[in-house]
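Below is one structure, written out as structure tokens; the observations come after it.
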Amino acid sequence: MTLLIVGATGTLGRQVARRAIDEGYKVRCLVRSQKKAAFLKEWGAELVPGDLCYPQTLQAALEGVTAVIDAATSRPTDSQSIKQVDWEGKVSLIQASVGAGVERFIFFSIINAEKYPEVPLMEIKRCTELFLAESGLNYTVLRLAGFMQGLIGQYGIPILEGQPVWVTSESSPIAYMDTQDIARFAIRCLSLPETQKRTFPVVGTRAWSTQEIISLCERLSGKEAKVTRMPIGLLRTVRRLLRFFQWGWNVADRLAFTEVLASGIPLDAPMEEVYRVFGLDPKDTTTLESYLQEYFSRIMKKLKELDYEKNQKKKKKEKRTPFKKANS
Ligand SMILES: NC(=O)c1ccc[n+]([C@@H]2O[C@H](COP(=O)([O-])OP(=O)(O)OC[C@H]3O[C@@H](n4cnc5c(N)ncnc54)[C@H](OP(=O)(O)O)[C@@H]3O)[C@@H](O)[C@H]2O)c1
């Protein structure tokens, strides 16, 4: 079975590619930059140049492909907008997959997408789910909450470095999941006909509030967080102002996501039925405690080693300068 992974250089996509290669699938990745994707080639994937926003690049990439796993999304740092990548680009990918006779299509959506028609990314996810359902493809939609990997930059590093941790004044609890676990569900779909033409939530073991995550990081790192709260009202005003300028549309669309956080509705879902259908054991899913514990103990060990090396170098230097005491 040949898989085409789109977005394989991303946080989730790379875990999907790793898992697929480990399980013996022939993996092809559609990439915008060969240089950025060099690690995928080293892992054993075939790289094909392409871009969702250039539909003419998709046909060649899909030749001989049995299944597509789409883990792409617009980058906040890119000039391409959410609408161009996540809507127009995905429509092109789905249409090209139908044309190429692809047998399976896995799409990552977001939990509760239908509840926020005013939030562009949520509305686009909901519309893509509908478009897929009507495409005739044997699709599976996996609706995600948040990634544990994102918490390192948001909380872990600033807390360790004594930098401010920026949080919104209100925030919905989120059932974060390790992307390695999400990848396990995605690859599993391919061998389970009962997951065809169905939508499943794929979320972590429980929903965590911002305050709970900060307290956990403080406990595991032994450091106190410097928390700076941004009022939701301020973010709403900035968003409205940005809508006046075309260059600000992309940022405004992203800021709209604060409405999801401000709603107080948890990004969470029951998972018992999902584990049953997928034949997976919930005990194998990484908890947030164990994920962050592993991160902090690895970093603390590294810091201790660096401190030890620094002390050793200092001692050596002191030995080499016999007149140090007399001079000081
Ligand atoms: N992050 C979360 O917490 C979260 C939560 C719920 C759902 N999701 C969903 O999970 C999926 C993966 O998200 P992620 O956070 O792993 O994404 P990510 O790290 O931002 O990676 C995005 C990927 O999409 C690729 N891409 C962007 N524009 C493209 C284009 N025009 N043509 C082809 N490829 C393009 C990027 O390639 P380059 O390397 O070339 O930029 C990169 O590989 C998305 O569907 C996202 O909506 C994410």
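Atoms within a ligand are numbered from 1 in the order they appear, just like the ligands themselves.
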Just by distance, with hydrogens left out, do Arg104 and Ser97 show a side-chain donor and acceptor under 3.5 Å apart?
no
Which is closest to atom 26 (N) of ligand 1 in terms of heavy atoms, Leu58, Leu142, Thr73?
Thr73
Inspect the contact between Asp22 and Arg19 and indicate whether a charged nitrogen and a carboxylate oxygen are less than 4.0 angstrom apart.
no
Work out whether the distance between some heavy atom of Lys125 and some atom of ligand 1 is less than 4.0 Å.
yes
Heavy-atom pair with the smallest gap, counting every atom of Ala225 and Glu218
N-OE2, 2.7 Å
Are any of the N/O atoms in Lys36 less than 3.5 Å from those in ligand 1?
yes
Is it the case that ligand 1 has an N or O less than 3.5 angstrom from some N or O of Asp86?
no
Go through the steps to decide whether Tyr139 and Thr199 satisfy the test side-chain hydrogen bond (donor to acceptor under 3.5 Å, both in side chains), and finish with yes or no.
CA-CA 9 Å; Tyr139 69 89; Thr199 297; 4.9 Å; no
If you measure from each heavy atom of Ala37 to ligand 1, is any distance below 4.0 Å?
no
Say whether Gly10, considering both its backbone and side-chain N or O atoms, lies within less than 3.5 Å of an N or O atom on ligand 1.
yes
Would Leu52 count as a polar contact of ligand 1, with the cut-off being nitrogen or oxygen pairs under 3.5 Å?
yes
Gly7-ligand 1 polar pair, N/O distance under 3.5 Å:
yes
Between Thr11 and ligand 1, does any nitrogen or oxygen pair lie at a separation below 3.5 Å?
yes
So, Thr179 and Thr11: side-chain donor and acceptor under 3.5 Å apart, yes or no?
no
Quick one: do Glu114 and Arg126 make a salt bridge, cutoff under 4.0 Å?
no
Under the ring-ring contact (aromatic ring centres under 6.0 Å, His included) rule, what do Tyr275 and Phe185 come out as? Steps first, then yes or no, please.
CA-CA 9 Å; Tyr275 281 107; Phe185 278 88; 5.5 Å; yes
Any non-hydrogen atom of Pro76 lying under 4.0 Å from ligand 1?
no
Would you say Gln80 and ligand 1 have an N/O pair spaced under 3.5 Å apart?
yes
Name the option, out of Asp78, Ile110, Asp51, that contains the heavy atom nearest to atom 31 (N) of ligand 1.
Asp51
Can you check whether Asp70 has an N/O within less than 3.5 Å of an N/O in ligand 1?
no
Side-chain contact test, heavy atoms from C-beta onward, threshold under 4.5 Å: evaluate it for Val274 versus Leu280 and give yes or no.
no
